[in-house]
Undergrad: 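First, the structure itself, so that you have it in front of you.
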Amino acid sequence: MATSHLLAAASSTAASSATFRPPLLSLRSPPPSSLRLNRRRHFQVVRAAETDKETKANAPEKAPAGGSSFNQLLGIKGAKQENDIWKIRLQLTKPVTWPPLVWGVLCGAAASGNFHWTVEDVAKSIVCMIMSGPCLTGYTQTINDWYDRDIDAINEPYRPIPSGAISENEVITQIWALLLAGLGLGALLDVWAGHDFPIIFYLAVGGSLLSYIYSAPPLKLKQNGWIGNFALGASYIGLPWWAGQALFGTLTPDIVVLTSLYSIAGSLPVAFGMETAKWICVGAIDITQLSVAGYLFSSGKPYYALALLGLTIPQVVFQASAQPFFVLGLLVTALATSH
């Protein structure tokens, strides 16, 4: 609208100038500098408007054809556009990102040495997994999409928030509901475990705060390279492990160090992208596993150290597929620290 007013004003100015301009000026003299400047400004405004139109024209308005309902429920690319509000809510939580958190809780429970296959312990671990996965990871993914909505409106306007498939109030309600549910479950687990100090609740608070400053300005750690990537790696490996271990046992400094090493190794694909990070990631995983194996051997746990070394060999041979052996290495380390 501002552009049309400028064009109209320019046209009106040009018309009035032609009406009152002296004949000699119009026939013999070049246009005054002010008119030349106005013409240049008028030309720039038109070019800016045309560029803006071209940018909008190049942005996709609809999701790629042939979207998958399964991808939509998992919250990954290639999702089908959906009108069901509950399916949209689930999509925003990105269930595909939950398994690492569930695995982290499992490793932490195993590392505690106090987990038993009783109904109560299994129920505790499931509640901890729900806290870490659907609630707090769902909160993390939803708030990340919320603060990326302006970028998504340009690059992927068909996504739930920029497309208007879910209202802003509904998104904010979901963020608060998931956050409060996660914190509430953390407090419940502390009471259930008989903790004098609510360590799981504070881990949930710390993880939630980390998720917020990762996505939200002014800090927005996701734009700060290594710091943001390590924060993400710690959220997916360290924090759920600590929660699982604190639920059934006690956190110790060696566990914090070991999980921090694994968090660094796990953050590399985020830092460089899967293709670029393939070799760096493999090297980091190998070094991490070898370092942990050395620590286990020096701690008088040679069989676990050998098991970890056994996982390192296929990591070197099948370099592009090192992640499964890395994940199994987490469990071996957890079992080793439980004894």
Side-chain angles (χ1 to χ4, degrees), residues 72-76 79 81-102 104-105 124 126-153 156-193 195 197-224 228 231-232 234-236 238-240 242-244 246-247:
Q72 188 273 327
L73 292 176
L74 290 180
I76 58 180
Q81 283 189 298
E82 184 59 61
N83 295 321
D84 187 308
I85 186 61
W86 291 107
K87 289 184 179 180
I88 293 171
R89 288 188 182 280
L90 182 63
Q91 179 182 359
L92 286 176
T93 64
K94 295 184 177 61
V96 73
T97 62
W98 300 351
L101 284 296
V102 172
V105 171
K124 285 180 181 177
I126 290 175
V127 172
C128 191
M129 291 172 183
I130 293 173
M131 176 196 73
S132 302
C135 291
L136 294 183
T137 304
Y139 155 80
T140 299
Q141 297 297 338
T142 305
I143 201 171
N144 185 65
D145 275 12
W146 171 252
Y147 282 106
D148 281 350
R149 64 191 186 278
D150 292 335
I151 298 174
D152 290 340
E156 298 177 286
Y158 50 81
R159 297 187 69 173
I161 296 177
S163 69
I166 183 171
S167 69
E168 293 187 355
N169 287 336
E170 289 171 327
V171 176
I172 293 173
T173 299
Q174 174 162 321
I175 289 171
W176 278 107
L178 291 172
L179 174 61
L180 294 176
L183 297 180
L185 290 178
L188 171 65
L189 288 170
D190 280 318
V191 174
W192 198 350
H195 291 160
F197 179 80
I199 185 171
I200 299 178
F201 173 77
Y202 280 112
L203 285 174
V205 170
S208 302
L209 178 61
L210 189 62
S211 298
Y212 179 79
I213 63 176
Y214 176 81
S215 299
L219 295 179
K220 206 163 190 175
L221 296 181
K222 64 188 296 182
Q223 297 180 340
N224 292 331
L232 191 61
S235 298
Y236 277 85
L239 286 173
W242 298 348
L247 180 60

Undergrad: According to the interplanar angle, ranging from 0 to 90°, do the rings of Tyr202 and Phe197 count as parallel (below 30°), tilted (30 to 60°) or perpendicular (above 60°)?
TA: parallel
Undergrad: Is it the case that the side chain of Gln72 and the backbone of Glu82 share a donor-acceptor pair, with hydrogens and angles ignored and the cut-off at 3.5 Å?
TA: no
Undergrad: For residues Ser132 and Thr137, report the shortest heavy-atom separation together with the two atoms involved.
TA: O-OG1, 2.5 Å
Undergrad: Calculate, to the nearest 0.5 Å, the distance between atoms CZ and CZ belonging to Arg159 and Arg149 respectively.
TA: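 The distance works out to 13.5 Å.
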Undergrad: Examine distances only and state if a side-chain atom of Ser215 and a backbone atom of Tyr212 form a donor-acceptor pair shorter than 3.5 Å.
TA: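 No.
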Undergrad: Closest approach of Gly228 and Tyr214, non-hydrogen atoms and distance?
TA: O-CE1, 3.4 Å
Undergrad: Do you know the tightest heavy-atom contact between Ile85 and Ala165?
TA: CD1-O, 4.4 Å
Undergrad: Pair Asp145, Lys94 - check side-chain contact (heavy atoms from CB on, under 4.5 Å), show working.
TA: CA-CA 10 Å; Asp145 275 12; Lys94 295 184 177 61; 3.0 Å; yes
Undergrad: Has the side chain of Arg89 got a donor or acceptor atom that lies under 3.5 Å from a matching backbone atom of Ile166?
TA: no
Undergrad: Does some side-chain heavy atom of Leu73 sit less than 4.5 Å from a side-chain heavy atom of Pro95?
TA: no
Undergrad: Does Met129 form a side-chain contact (heavy atoms from CB on, under 4.5 Å) with Trp98? I'd like the steps, not just the answer.
TA: CA-CA 9 Å; Met129 291 172 183; Trp98 300 351; over 6 Å; no
Undergrad: Out of the candidates Leu183, Val105, Leu185, Leu203, only one should pair with Met131 under the side chain to side chain contact (heavy atoms under 4.5 Å, CB included) rule; please name it.
TA: Leu185
Undergrad: Do you know which two heavy atoms are closest between Ser163 and Pro160, and how far apart they sit?
TA: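 For Ser163 and Pro160, the tightest heavy-atom pair comes out as OG-O, 3.2 Å.
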Undergrad: Quick check for you: to the nearest 0.5 Å, what is the distance between Tyr158 atom OH and Asp152 atom CG?
TA: 9.0 Å
Undergrad: Which value, rounded to the nearest 0.5 Å, describes the distance between Leu247 atom CG and Leu189 atom CG?
TA: 5.5 Å
Undergrad: Quick one: pull up OG1 in Thr93 and CD1 in Ile175 and give me the separation to the nearest 0.5 Å.
TA: 12.0 Å
Undergrad: Would you mind reporting whether Leu92 and Ile161 have side-chain heavy atoms less than 4.5 Å apart?
TA: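 Touching, per the 4.5 Å side-chain cut-off.
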Undergrad: Taking all atoms of both residues into account, what is the closest heavy-atom pair of Ala204 and Gly182, and its distance?
TA: CB-O, 4.4 Å
Undergrad: Can you see whether Asn144 engages Lys222 through a side-chain donor-acceptor pair at a distance of less than 3.5 angstrom?
TA: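 Looking only at side-chain atoms, Lys222 and Asn144 do form a donor-acceptor pair, the distance falling under 3.5 Å.
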Undergrad: Tell me, do Trp146 and Thr142 make a side-chain contact under 4.5 Å, heavy atoms counted?
TA: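 No - every pair of side-chain heavy atoms lies 4.5 Å or more apart.
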Undergrad: A side-chain contact here means heavy atoms from C-beta on lying under 4.5 Å apart; do Ser211 and Leu136 qualify?
TA: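 When only atoms from C-beta onward are counted, Leu136 and Ser211 do not touch, as no gap falls below 4.5 Å.
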Undergrad: Taking all atoms of both residues into account, what is the closest heavy-atom pair of Ser208 and Leu179, and its distance?
TA: OG-CD1, 3.4 Å
Undergrad: Do Leu221 and Leu210 have side chains that approach each other closer than 4.5 Å (heavy atoms only, starting at C-beta)?
TA: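 The answer is yes, as the side chains (C-beta and beyond) meet within the 4.5 Å cut-off.
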Undergrad: State whether the side chain of His195 and the backbone N or O of Ala246 hold a donor-acceptor pair below 3.5 Å, judged by distance alone.
TA: yes
